[in-house]
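Beneath this line is the structure, given in structure tokens, with notes to follow.
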Amino acid sequence: EKLFSASAKSLTQLIQQQATPVQMDFKRLPDLPADVSTEGVTINGYSQYVDVDGQKVGQLIITGLKKDTKEAALDPNKFTAQFDLDTPELPAEKALDIKGDRADLIEALRKLNAEEEEPAKEEEKEDKPEAAERQTSPVQNEAQNDQAAQYKSPERLQSTPEPEEEIRTTTEGCSVRVDLIGEKAIQQSKVQTFKGGVLSEDGACSDSGDEFPLKKSYDVCKDEVNLDAKIATAQFRWFYVNAQQARFDVSECAPDPAKVYPIVEKHNSCAIDINIENKLATPQSKLIYIGQNSTEQQVRDCAPSVEKPAVALTQVTDSCTIKHNLAGGSSKEMGMWTYTLDGTIFQATPCTETGVEFSHTKVYKYDGGGDVCAPILDLAKKTATPQYRVEITVAGQKQFITECTPDQGGSLAVKSTTETCENPINFEHDIAAGVSYGKERFYYENPGRVYVSECQKSAVTYQHQVETVGW
């Protein structure tokens with residue numbers, strides 16, 4: 001939770017990904033118990049900034065509190081802050097919200113507020129002067145006694161003790177030295193001398209025995225892509241983790257020559273570019289490489305392939321049917337564009353009009369004179385309706401495009417005749433009725449006479465006449 005707010009004691013310049021010591025004062029506080037106070041307490045910590053997509057982000061960890069000569073440590077993993085920056089500096093007037101653990105903060109403040117027990121004063125022992133034994137005359141003795149009676153012993157001078165000297169080793173104010181060649185980060189420290197609790201000598205920072213191994217991080221760096229050389233190189237940034245398990249980046253992104261990946265073309269995810277106007281089919285490909293953790297990375301979207309050149313488009317009509325417009329009296333040729341790639345023929349377009357047109361012709365009779373279709377007879381109405389098929393000529397070959405169709409405007413009259421049906425022997429005789437029925441057949445002319453039936457009973461009758469030829 002956001003436990004309290006604090007601000008720097010003075011303007012502090014921040015360094016990218018390098019911790020800088022900072023001292024701060026309390027601003028907004030939580031409700032504290034009556035036995036703790038932040039009066040005279042200084043907050044100690046470290047701050048740095050990182051660059052995230054062009055935005056500077058400040059980071060702060062609190063390592064402890066200090067009051068006079070007393071110090072109380074805080075867990076830097078619990079007391080942190082993160083804030084946006086316009087410039088790489090922490091102004092004194094900028095109040096930062098600090099996340100932290102309330103119980104740990106109160107415990108640290110209690111340590112600083114606890115009164116130190118004053119060391120018991122040693123009782124001073126007065127030195128008793130030894131009386132000098134002297135041999136004196138009574139007169140001298142009386143004179144000395146008079147002088148002694150008037151003598152007052154001076155007050156004892158108390159000697160001021162030398163202040164206590166204390167030697168401390170601290171990392172406060174010392175940075176971490178990075179050894180890229182040795183691949184390690186070395187915490188620097190310094191020796192401070194205190195006399196009577198007051199700093200009298202501040203030593204120079206030097207390497208301590210605390211070292212942290214440098215490690216490579218690839219996650220925060222983009223791979224370096226060289227399209228001309230057709231290679232991609234992984235980039236990394238050195239970092240270390242300190243004793244408080246806080247991570248610190250110590251370098252900018254740099255190429256790793258041990259991780260170079262070839263850039264290759266990938267064709268199966270790109271469509272072929274079809275250009276009907278230029279009659280070309282151009283294979284396309286993406287440029288990819290297999291990078292860290294065997295993951296595929298794309299460096300260029302679909303574009304004309306270098307490995308596979310463009311091939312010619314060919315228009316074919318064999319696989320397309322002809323489009324007929326029976327009402328308009330014409331048919332149009334259809335064709336599709338194809339191309340051949342790696343020995344396989346591919347269809348580039350659906351069937352479309354080629355611009356070639358065929359006119360329609362109604363055909364009633366074959367060249368030999370026979371009917372293409374039998375006429376439709378209606379003997380009740382005495383009509384014969386001729387039929388036709390529509391024909392076109394393709395590449396010199398004639399072909400029908402319709403089945404037999406009645407010619408609605410060309411009905412012919414069906415007529416009857418007794419021709420070839422005149423022989424009375426074939427008449428139908430009704431002896432009991434005394435009548436015989438003649439026979440007839442039907443025909444129409446197209447243009448010659450075409451019989452449509454055999455001889456059949458007609459409505460013409462012949463009365464029987466009886467002639468006696470014998471007894």
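Between R449 and E419 there is a salt bridge, since a side-chain N of the basic residue sits under 4.0 Å from a carboxylate O of the acidic one. Look at K457 and E428 and you find a salt bridge, because one of the NZ, NE, NH1 or NH2 atoms lies within 4.0 Å of a carboxylate O, short of that distance.
In this structure a side-chain-to-backbone donor-acceptor pair under 3.5 Å is present from N113 to S37. Of the possible polar contacts, none joining the S411 side chain to the T383 backbone as a donor-acceptor pair under 3.5 Å is found. The main-chain N or O of A103 is found under 3.5 Å from a side-chain atom of D101 such that the two form a donor-acceptor pair. N44 places no side-chain N or O within 3.5 Å of a backbone atom of V22 that could act as its donor or acceptor partner.
Within a 6.0 Å sphere centred on CG of N268, heavy atoms belonging to other residues, nucleotides or ligands number more than 12. No more than 12 heavy atoms of other residues, nucleotides or ligands lie within 6.0 Å of CG in D367, so this atom counts as exposed by the packing criterion.
Legend: side-chain hydrogen bond (donor to acceptor under 3.5 Å, both in side chains) pairs involving residues 458-471, not counting sequence neighbours, sorted by first then second residue: S436-H464. Contacts classified as salt bridge (charged side-chain N to carboxylate O under 4.0 Å, His left out) and involving residues 263-292 (residues at least two apart or in different chains) are given here: K266-E296. Among residue pairs with one or both ends in residues 55-65, those qualifying as side-chain hydrogen bond (donor to acceptor under 3.5 Å, both in side chains) are Q48-Q59; sequence neighbours excluded.
I186 approaches S208 most closely through the heavy-atom pair CG2-O, 3.7 Å. For the pair S189 and T171, the tightest heavy-atom approach, listed with the atom from each and the gap, is CB-CG2, 4.0 Å. The minimum heavy-atom distance linking A384 with V414 is given by the pair N-CG2, 3.5 Å. Scanning all heavy atoms of the two residues, the minimum distance from Y444 to P375 falls at OH-CG, 2.6 Å.
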Using residues 172-182 as the side-chain source, report each donor-acceptor pair under 3.5 Å to any protein atom, sequence neighbours left out, with the distance given to one decimal.
unit_1, atom_1, unit_2, atom_2, d
R177, NE, D207, OD1, 3.2
R177, NE, D207, OD2, 3.2
R177, NH2, D207, OD2, 2.7
D179, OD1, I181, N, 3.3
D179, OD1, G182, N, 3.0

Identify every side-chain donor-acceptor pair in residues 310-326 under 3.5 Å, counting partners at least two apart or on other chains, and give the distances.
unit_1, atom_1, unit_2, atom_2, d
K323, NZ, E353, OE2, 2.5
H324, ND1, S331, OG, 2.6
N325, OD1, G328, N, 3.0

**Q.** Check against salt bridge (Lys or Arg N to Asp or Glu O under 4.0 Å), D342 and K308
**A.** CA-CA 9 Å; D342 297 332; K308 295 185 177 183; 3.1 Å; yes

Q: Give the C-alpha distance, both sets of side-chain angles, the deciding distance and a yes or no for side chain to side chain donor-acceptor pair (under 3.5 Å) between T295 and Q297.
A: CA-CA 6 Å; T295 57; Q297 303 293 332; 3.2 Å; yes

Q | Derivation of the ring-ring contact (aromatic ring centres under 6.0 Å, His included) call for W337 and Y339 | A | CA-CA 7 Å; W337 291 97; Y339 61 92; over 10 Å; no

Q. Would F83 and L85 satisfy side-chain contact (heavy atoms from CB on, under 4.5 Å), going step by step from the backbone distance to the final call?
A. CA-CA 7 Å; F83 47 93; L85 290 174; 3.6 Å; yes

Q: Under the side chain to side chain donor-acceptor pair (under 3.5 Å) rule, what do T354 and E333 come out as? Steps first, then yes or no, please.
A: CA-CA 6 Å; T354 65; E333 183 183 56; 2.7 Å; yes

Q) R441 and Y451: side chain to side chain donor-acceptor pair (under 3.5 Å), yes or no, with the steps? A) CA-CA 7 Å; R441 63 189 310 188; Y451 291 102; 5.1 Å; no

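Taking the salt bridge (Lys or Arg N to Asp or Glu O under 4.0 Å) definition, one finds that D25 meets it with K9, sequence neighbours left out. Partners of F26 according to the ring pair (Phe, Tyr, Trp, His ring centres under 6.0 Å) rule, which considers only residues two or more places apart in sequence or in another chain, are F4. With sequence neighbours excluded, no residue forms a salt bridge (Lys or Arg N to Asp or Glu O under 4.0 Å) with R300. For D371, the salt bridge (Lys or Arg N to Asp or Glu O under 4.0 Å) partners at least two apart in sequence or on another chain are K365. Evaluation of the salt bridge (Lys or Arg N to Asp or Glu O under 4.0 Å) rule for K94 yields no partner, not counting sequence neighbours. For Y364, the ring pair (Phe, Tyr, Trp, His ring centres under 6.0 Å) partners at least two apart in sequence or on another chain are Y388. Remark: F248 engages Y240 in a ring pair (Phe, Tyr, Trp, His ring centres under 6.0 Å) (not counting sequence neighbours).
Note: F427 and H429 have tilted aromatic rings, judged against thresholds of 30 and 60 degrees for the angle between ring planes.
For the side-chain contact (heavy atoms from CB on, under 4.5 Å) with T233, the qualifying choice from N226, V225, D223, V260 is V260, the only one to do so.
Judged purely by distance below 3.5 Å, without hydrogens or angles, the side chains of H360 and S330 never pair a donor atom with an acceptor atom. For the residue pair S217 and R247, a side-chain donor N or O sits within less than 3.5 Å of a side-chain acceptor on the partner.
A distance of 15.0 Å separates OG in S416 from NZ in K439, rounded to the nearest 0.5 Å.
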